[in-house]
Amino acid sequence: MDTLNSAIEWFLAYCKNHRKLSAHTLKAYQHDLKHFYVFASESVAEVPILSADRSLVQRWLGDMKTVKPRTIRRRLASLKSMFASLERHGTIINSGLAGLRCEVKIGKSLPRTIARTTVKSLLRSAHKQSGTSHGNIQETALIEILFSTGMRVSEIVALNVKQIDMERLVISVRGKGNREREIPIVCNAFQDTLSQHLTEREVEIGAADAPLFVNRRGNRMSDQTVREVLRRHAAQIGTRRITPHMLRHTVATLLLEDGVDLRHIQRLLGHSSITTTTIYVQVSERSQRQVLTRRHPRNKMLI
């Protein structure tokens with residue numbers, strides 16, 4: 001493993017087989033490391049791993065003048081993660097990247113949410129179509145699970161039938177970092193739709209370890225298909241764009257606005273640290289300002 005290319009191949013295999021990272025994370029690592037490899041190999045065909053030193057990485061960072069700051073930081077984090085793994089396994093002694101930081105500042109961005117009325121229209125539209133075919137029942141269950149649980153799209157497409165326990169009314173989820181959690185099924189409309197979808201799936205395939213959501217060919221549904229379903233339903237209600245993550249952000253924000261403790265939201269979303277969940281406090285504060293500006297009685301007193 002004396003070349004950069006072989007080191008990248010080893011690291012991706014290590015992440016897949018030993019760290020058990022998701023396909024989404026592996027794809028992100030591959031994309032970031034390929035970007036570094038292309039930059040490093042401009043002058044030589046095979047890049048020795050020892051030549052990928054601190055100065056080369058700094059030139060790489062300096063070359064990304066038109067790239068978004070968040071992307072630059074993610075690419076550097078991917079590269080540092082690979083070299084840290086190489087050091088732990090004795091492939092290299094000291095890469096010199098441990099203390100390297102990206103000086104580009106990232107502005108704090110708040111998650112995009114959807115209005116309550118828009119979510120209500122989306123759910124109403126889906127339920128109107130659910131009685132016409134099995135495919136529509138599945139799409140309704142898909143939209144319900146996105147909003148009712150706040151799950152990541154990667155977690156939803158990875159679900160198997162056996163992970164749904166309708167007796168205990170819980171969904172067993174394996175999330176980021178291979179962490180497991182249970183999400184309670186607490187919404188009646190979601191429970192009814194999910195039961196109907198499960199009945200259809202069991203009649204069709206009769207296997208509890210089958211994917212919960214499938215495409216037209218009967219294979220596991222992809223995250224791209226989930227986004228396409230949302231795009232289609234959003235167009236039907238006259239909304240430009242609704243994504244799985246927007247529904248995730250929306251349910252978290254609405255729960256916080258309705259007084260739910262932050263730690264319950266953290267557990268629901270599968271955040272390893274409550275610090276990640278606190279971003280919804282900022283969203284809630286912004287919403288509070290908008291409501292008070294519109295409805296505070298002092299603004300209606302023209303004196």
Side-chain angles (χ1 to χ4, degrees), residues 1-65 67-106 108 151-155 157-158 163 172-182 223 245 266-267 269-279:
M1 199 192 306
D2 54 355
T3 67
L4 179 59
N5 188 48
S6 60
I8 291 173
E9 290 179 352
W10 173 85
F11 176 68
L12 293 175
Y14 173 74
C15 288
K16 179 180 179 181
N17 300 324
H18 295 276
R19 294 176 62 184
K20 305 294 183 182
L21 297 184
S22 67
H24 179 77
T25 303
L26 289 171
K27 186 177 180 180
Y29 271 142
Q30 184 179 33
H31 184 271
D32 293 340
L33 296 173
K34 180 181 178 181
H35 187 275
F36 177 68
Y37 176 78
V38 170
F39 175 82
S41 60
E42 285 183 346
S43 56
V44 292
E46 287 290 342
V47 183
I49 188 64
L50 295 178
S51 70
D53 54 12
R54 192 184 187 97
S55 62
L56 177 63
V57 174
Q58 287 174 328
R59 292 199 303 274
W60 174 56
L61 295 174
D63 189 64
M64 291 186 277
K65 295 182 177 62
V67 180
K68 293 180 180 180
R70 194 176 299 276
T71 302
I72 296 175
R73 286 200 174 188
R74 191 201 67 226
R75 286 174 178 173
L76 177 59
S78 297
L79 189 67
K80 290 173 71 174
S81 179
M82 182 184 75
F83 275 98
S85 295
L86 291 171
E87 288 178 17
R88 283 195 301 270
H89 287 79
T91 303
I92 56 178
I93 303 300
N94 182 11
S95 66
L97 302 188
L100 184 61
R101 293 185 178 181
C102 177
E103 301 300 329
V104 180
K105 293 184 178 180
I106 300 177
K108 190 174 289 185
M151 290 171 61
R152 302 176 180 93
V153 65
S154 58
E155 295 170 342
V157 297
Q163 291 172 255
S172 300
V173 184
R174 189 178 296 275
K176 278 189 174 181
N178 215 26
R179 294 185 298 271
E180 294 184 0
R181 71 185 189 279
E182 286 191 341
D223 55 353
H245 228 60
Q266 175 194 3
R267 185 179 178 87
L269 300 183
H271 289 159
S272 59
S273 169
I274 200 168
T275 304
T276 307
T277 320
T278 54
I279 190 171

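Fair warning: this is a prediction, and the values are worked out from it, not measured in the lab.
With values rounded to the nearest 0.5 angstrom, C15 atom SG is found 5.0 Å from L21 atom CG. The CG atom of L12 sits 11.5 Å away from atom OG1 of T25, with the distance rounded to the nearest 0.5 Å. Note that CD of Q30 and CG of D32 are 10.5 Å apart. Values are rounded to the nearest 0.5 Å. The distance from atom CE of M64 to atom CZ of R73, rounded to the nearest 0.5 Å, is 12.5 Å. Distance check, rounded to the nearest 0.5 Å: CD of E9 to OH of Y37 gives 9.0 Å. Annotation: the span from L61 atom CG to F39 atom CZ amounts to 9.0 Å, rounded to 0.5 Å.
Evaluation of the salt bridge (charged side-chain N to carboxylate O under 4.0 Å, His left out) rule for R59 yields no partner, not counting sequence neighbours. When the salt bridge (charged side-chain N to carboxylate O under 4.0 Å, His left out) test is applied to R181, the partners found at least two apart in sequence or on another chain are E155.
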Check: Please walk me through it: do H31 and R74 pass side chain to side chain contact (heavy atoms under 4.5 Å, CB included)?
Finding: CA-CA 11 Å; H31 184 271; R74 191 201 67 226; 4.1 Å; yes

Next item on the list: Could you go through the side chain to side chain contact (heavy atoms under 4.5 Å, CB included) check for H271 and I274 one step at a time?
Entry: CA-CA 7 Å; H271 289 159; I274 200 168; over 6 Å; no

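Between I72 and L76, the closest side-chain pair of non-hydrogen atoms is not below 4.5 Å.
Of all heavy-atom pairs between S172 and E182, the closest is OG-OE2, 3.9 Å. For the residue pair R19 and S81, the shortest heavy atom distance occurs at NH1-OG, 3.6 Å. Nearest heavy-atom pair, Q266 versus S272, reported as atom, atom and distance to 0.1 Å: NE2-O, 3.7 Å. When all heavy atoms of A158 and Q163 are compared, the pair lying nearest together is O-OE1, 3.6 Å.
R75 and S78 are not linked by any side-chain donor-acceptor pair at a separation below 3.5 angstrom, with hydrogens and angles left out of the test. Donor-acceptor pairing under 3.5 Å is lacking for the side chains of H24 and S154. Defined by atom type and a distance below 3.5 Å, a donor-acceptor pair is present between the side-chain atoms of D53 and S55.
Of the options F11, Y29, W10, a side chain to side chain contact (heavy atoms under 4.5 Å, CB included) to M82 is made by F11 and by none of the others.
Remark: the backbone N or O of Y14 is not paired with any side-chain donor or acceptor of H18 at under 3.5 angstrom.
Ring geometry, H35 versus W60: the interplanar angle falls from 30° to 60°, so the pair is classed tilted.
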